[in-house]
Amino acid sequence: MLVILEDVDKISLFARGEIYNFFYNRLRKLDEFKKFVLENHKSPRLYGIILSPKELSYNIPKLIYIIHKGYILYDPKGLISNIRKANVKIVEDYDKKILDFGKVKKGEVIEI
């Protein structure tokens, strides 16, 4: 679960974990969550990442992968949707996933 919040780049990772736990505990109270647990006999595997819009703009490869393979549940400002529109392909080769950012010329410097 990727949560984008304003001004979290100024707080510690521990505090971000507390914010994620707040969201996760609210999720656990939903009927859909309880139904999933009853049907599968276990809770869903969720990992929480709390970032600021500025940190999201760093184009961290793992986050790019999450954004392209995940579901967007709520994005009123279109922050994640704009990244998803970027020209990135995910290639699966020998059980490994490779992010293809497009054609890069020899010696060209690109921002990732």
Side-chain angles (χ1 to χ4, degrees):
M1 182 167 36
L2 177 63
V3 180
I4 311 299
L5 299 172
E6 295 287 338
D7 298 325
V8 294
D9 52 348
K10 299 172 185 168
I11 63 173
S12 70
L13 293 175
F14 180 77
R16 293 180 194 206
E18 294 295 318
I19 294 169
Y20 170 73
N21 284 335
F22 169 78
F23 285 108
Y24 184 74
N25 288 332
R26 290 191 70 188
L27 180 67
R28 289 179 62 192
K29 295 176 185 175
L30 296 176
D31 292 333
E32 292 86 358
F33 188 92
K34 293 174 184 175
K35 181 180 175 185
F36 182 90
V37 171
L38 289 174
E39 289 174 358
N40 296 294
H41 305 290
K42 61 181 178 181
S43 296
R45 275 196 291 163
L46 293 175
Y47 302 101
I49 302 172
I50 308 289
L51 294 175
S52 70
K54 180 182 175 185
E55 292 170 326
L56 186 64
S57 70
Y58 296 158
N59 292 329
I60 300 166
K62 186 68 174 177
L63 294 177
I64 298 293
Y65 179 79
I66 290 169
I67 289 168
H68 278 80
K69 288 294 189 176
Y71 298 99
I72 299 173
L73 300 178
Y74 184 71
D75 186 19
K77 294 183 180 179
L79 295 170
I80 297 172
S81 301
N82 290 337
I83 292 173
R84 185 179 259 187
K85 292 177 187 173
N87 188 17
V88 175
K89 295 179 204 165
I90 298 173
V91 179
E92 295 190 26
D93 188 27
Y94 298 108
D95 297 329
K96 295 184 181 185
K97 294 167 182 63
I98 302 166
L99 293 175
D100 183 2
F101 287 98
K103 303 237 185 252
V104 179
K105 297 175 188 167
K106 185 176 180 180
E108 182 181 6
V109 177
I110 61 169
E111 182 179 339
I112 298 178

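- L51 has its side chain within reach of L63: a pair of non-hydrogen atoms, C-beta onward, lies under 4.5 Å apart.
- Closest of all the heavy-atom pairs between E55 and I50 is OE1-O, 4.4 Å.
- For L27 against F33, the heavy-atom pair with the smallest separation is O-CB, 3.3 Å.
- Few gaps surround NZ on K34; more than 12 heavy atoms of other groups in view lie less than 6.0 Å from it.
- Listed here is the closest heavy atom pair of Y24 and S43: OH-CB, 4.1 Å.
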*So L30 and F36, side-chain contact (heavy atoms from CB on, under 4.5 Å) or not? Walk me through it.*
CA-CA 10 Å; L30 296 176; F36 182 90; over 6 Å; no
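- Atom CD1 of I4 is separated from atom CG of L79 by 7.0 Å, given to the nearest 0.5 angstrom.
- Between E18 and F22 the shortest side-chain heavy-atom distance does not fall below 4.5 Å.
- For the pair I19/V3, no side-chain contact is recorded, criterion being any heavy-atom separation below 4.5 Å from C-beta on.
- Heavy atoms of other residues, nucleotides or ligands lying less than 6.0 angstrom from CG of N25 number more than 12.
- With contacts defined as side-chain heavy-atom distances shorter than 4.5 Å, the pair R16/D9 qualifies.
- Scanning for side-chain hydrogen bond (donor to acceptor under 3.5 Å, both in side chains) contacts around N21 gives an empty result, with sequence neighbours left out.
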